[in-house]
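Below, chains carry the letters A, B, ... as their sequence lines are ordered, and counting in each starts from 1.
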Amino acid sequence: QQPVQSPQAVILREGEDAVINCSSSKALYSVHWYRQKHGEAPVFLMILLKGGEQKGHEKISASFNEKKQQSSLYLTASQLSYSGTYFCGTEIRSNSGYALNFGKGTSLLVTP
Amino acid sequence: ETGVTQTPRHLVMGMTNKKSLKCEQHLGHNAMYWYKQSAKKPLELMFVYSLEERVENNSVPSRFSPECPNSSHLFLHLHTLQPEDSALYLCASSQGRDRGYEQYFGPGTRLTVT
């Protein structure tokens, strides 16, 4: 049930762009994106509720293709502070409501 | 205190010990969660509480026992753990269990079972 993230890891130079993909084999009701820095708690970035929805947060944005059961996170002109592990969480229907399943994460390292 | 807090931050315990992890949320949320985070694995949902009632138990061994005395506090009682239970245990909360509520995570408890 867990979504599949790609790539597993990426190294960027400051100012470069990156795309992180998240796909699911099950119908999705929403997609969440979180970032976790080493030794810290995951921090919520954004949530996409509708197919075709796109959102932005500074230079980080995301899209949600409901039909393809996919979401992508776009990091533009990356900064050193973007380093961390990015997780997508996909909401699926469970017996007791909605359950959030996380991917294995994509490790992003931005170098000077 | 703001957000979600967890204590202790680090815990080393033997396989025969009994210990408890504590989580407290100061956000007025109605749902609380326990996750296990191991190296190279995705976040694994362990338990979900909604309005103090357990609504999810994802096939977690009985050596892990959750308790939710009120909507602000969540405990994870541990006994006779195995070395493979060593991991980061994260607590999270959300406004509700309906679709689309983001989860706020605590800093986690790093557990080592010796």
A:K26, NZ: over 12 other non-hydrogen atoms inside 6.0 angstrom: no
Spacing of B:K41 atom NZ and A:K104 atom NZ [to the nearest 0.5 Å]: 9.0 Å
Proximity breakdown for A:Q5 and chain B, heavy-atom pairs closer than 4.5 Å: neither
Verify same cluster id: A:V4, A:F64 (apolar side-chain graph, 4.5 Å): no
Heavy-atom closest contact (A:A41 atom, B:F105 atom, distance): CB-O, 3.8 Å
A:I11 atom CD1, over 12 foreign heavy atoms within 6.0 Å: no
Contact origin within B:Q37 toward chain A - heavy atom pairs under 4.5 Å: side chain
Region of B:R110 that comes under 4.5 Å of a non-hydrogen atom in chain A: neither
Cluster check B:L76, B:V60: I/L/V/M/F/W/Y, side chain < 4.5 angstrom: yes
Same apolar cluster: B:V48 and A:L100, side chain cutoff 4.5 Å: yes
Common cluster, A:I60/A:L80, ILVMFWY with side-chain heavy-atom separation under 4.5 Å: yes
Atom CD of A:E40: over 12 foreign heavy atoms under 6.0 Å: yes
CG-CD distance between B:L45 and A:Q2, expressed to the nearest 0.5 angstrom: 12.5 Å
Aromatic ring pairing B:Y104/A:F44, orientation class (parallel under 30°, perpendicular over 60°, tilted between): tilted
Common cluster, B:M46/B:L81, ILVMFWY with side-chain heavy-atom separation under 4.5 Å: yes
Under 4.5 Å from any heavy atom of chain A - which part of B:L90: side chain
side-chain contact (heavy atoms from CB on, under 4.5 Å) assessment of B:Q103 paired with A:Y34: CA-CA 9 Å; B:Q103 295 187 12; A:Y34 292 78; 3.5 Å; yes
Selection from A:G39, A:G103, A:P3, A:G105 maximising heavy-atom pairs under 4.5 Å formed with chain B: A:G103
Atom of B:Y101, atom of A:I47 and distance for their closest heavy-atom approach: N-CD1, 4.3 Å
